[in-house]
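To start, the structure under review is shown below, and the notes come after it.
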There are 2 protein chains.
Amino acid sequence: MARAPTTLDPFNAVAEPKRRLVLETLCGGELAVNDIVGRLGWPQPMISKHLAVLKEVGLVNMRRHGRQRLYRVEGKKLKPIHDWIKAFERFWDHQLDRIKERAQRRAAEKAPDKNP
Amino acid sequence: MARAPTTLDPFNAVAEPKRRLVLETLCGGELAVNDIVGRLGWPQPMISKHLAVLKEVGLVNMRRHGRQRLYRVEGKKLKPIHDWIKAFERFWDHQLDRIKERAQRRAAEKAPDKNP
DNA sequence: TTGACATATTCCTATATGGGTATATAAATG
DNA sequence: CATTTATATACCCATATAGGAATATGTCAA
């Protein structure tokens, strides 16, 4: 079997560094293709092709406006990655560990009879 | 040009779903290859090959113990992904937005002359 | 030494990629 | 309609993949 298609899921789509740059570029808001071309300085077909992949996984939306096509980032589609990575946060964010522990302790104080 | 090698960075290594499962399996602590084979039920060469990729990007460490090879997850190597995704958190975690705003407001109160 | 066990490596193949270049489609404009 | 502008698509190619099967390497034990 070959490698999974880039359009399989956000993980694969975002593995390509240039596609991440496109998403970052769209972070400020809706942009037409040529705006992205201007900001990134890559050939237009390259931008269009990367946008096509991002659109197929739902990471961007498109709407027509005259002869332009305005692309907007659909950030929610990145949540699965965020959720998956969360399980590993403890490996670098010890601060967070402490926050969580404190939260759990507080929860335990509020419901001290939950675990008899 | 072909697709970037899976060993280029954590993003590419983790794009493969099975590789994510291997990492999750190692989350509980060091495991020998055969333990992973047992838990995931995949052919041993498949596990070894995925481990090789993960090791090359530094997502796992290995140490020999007798005839076994014990693999341990190196979670810190996932931080770049976490950091990149953070810029998009606002797209789903509105709660977090409010927390951040509050923190910024508080910081502004502490140093009210920073922006004259 | 000879096995048995644990793991890695090699060889194969179908498959999809990303970039480049050229061209097609579509919409506004004169 | 003809032309310009904005974007997408088609075609080509070198490349690396993931999986399967077979085999190699390494290590302990009798």
Side-chain angles (χ1 to χ4, degrees), chain A residues 1-26 30-73, chain B residues 1-26 30-73:
Chain A
M1 206 183 280
R3 213 200 290 205
T6 55
T7 53
L8 177 69
D9 55 29
F11 285 94
N12 280 277
V14 153
E16 165 67 26
K18 292 207 168 104
R19 232 129 46 201
R20 290 201 296 278
L21 284 172
V22 171
L23 287 180
E24 292 170 29
T25 305
L26 286 173
E30 220 176 26
L31 282 182
V33 177
N34 261 353
D35 295 335
I36 309 178
V37 170
R39 299 203 189 194
L40 293 177
W42 308 338
Q44 173 265 315
M46 188 168 139
I47 305 269
S48 282
K49 278 191 257 180
H50 282 308
L51 282 171
V53 172
L54 292 171
K55 192 175 157 220
E56 192 169 341
V57 279
L59 278 167
V60 299
N61 285 329
M62 184 266 284
R63 75 182 173 96
R64 292 158 205 261
H65 176 69
R67 45 186 151 183
Q68 321 195 68
R69 300 198 178 193
L70 302 176
Y71 283 86
R72 187 164 35 84
V73 67
Chain B
M1 208 183 279
R3 216 201 289 204
T6 56
T7 53
L8 177 70
D9 53 31
F11 285 94
N12 281 277
V14 153
E16 165 65 25
K18 291 207 168 107
R19 232 129 45 200
R20 290 201 297 278
L21 284 172
V22 171
L23 287 181
E24 290 170 28
T25 305
L26 287 173
E30 220 175 27
L31 282 182
V33 177
N34 260 353
D35 295 335
I36 309 178
V37 170
R39 300 201 188 195
L40 294 177
W42 308 337
Q44 173 265 316
M46 188 166 139
I47 306 270
S48 281
K49 279 190 255 182
H50 282 308
L51 282 171
V53 172
L54 292 171
K55 193 174 157 221
E56 192 169 340
V57 278
L59 279 167
V60 300
N61 284 330
M62 185 266 283
R63 77 183 170 96
R64 292 158 206 262
H65 176 69
R67 46 185 151 182
Q68 322 194 72
R69 302 200 176 191
L70 303 176
Y71 283 86
R72 187 163 34 83
V73 67

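Letters go in sequence order (proteins before strands), and every chain restarts at 1.
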All heavy atoms of B/Val57 vs all of B/Thr6, minimum pair found to be CG1-O, 4.2 Å
Could you grab the distance from atom CG of B/Leu26 to atom CG of B/Leu51, nearest 0.5 Å is fine?
6.5 Å
Just the rounded figure in Å: distance from C1' of D/dT17 to CD of A/Glu16.
15 Å
Atom-pair distance (CD on B/Glu56; P on D/dA18), nearest Å
12 Å
For C/dT7 and B/Arg64 - does any side-chain N or O of the residue sit under 4.0 Å from the phosphate oxygens OP1/OP2?
no
Does a side-chain N or O of A/His65 approach OP1 or OP2 of C/dA27 to a distance below 4.0 Å, or not?
no
Nearest-Å distance, CG (B/Leu54) to C1' (D/dA18)?
14 Å
Would you compute the distance between atom NE2 of A/His65 and atom CD of A/Glu30 and round it to the nearest 0.5 angstrom?
9.0 Å
Using a strict cut-off of less than 4.0 Å between a Lys/Arg side-chain nitrogen and an Asp/Glu carboxylate oxygen, indicate whether B/Arg3 and A/Glu16 qualify as a salt bridge.
no
Should we say atom CZ of B/Arg20 is surrounded by more than 12 heavy atoms from elsewhere, each under 6.0 Å from it?
yes
What string of B, S and - do you get for nucleotides 5-15 of chain D, 5' to 3', when a contact is any protein heavy atom under 4.0 Å?
BSBBBB----B
Quick one: B/His50 NE2 to D/dA18 P, roughly how many Å, whole number?
6 Å
Here the distance between atom C1' of C/dA16 and atom CG of A/Asn12, to the nearest Å, is 11 Å
Rounded to the nearest Å, what distance is computed from the CG atom of residue A/Leu40 to the P atom of nucleotide C/dG18?
16 Å
Within this structure, what is the CG-CG distance for the pair A/Asn12 and B/Asn12, rounded to the nearest 0.5 Å?
9.0 Å
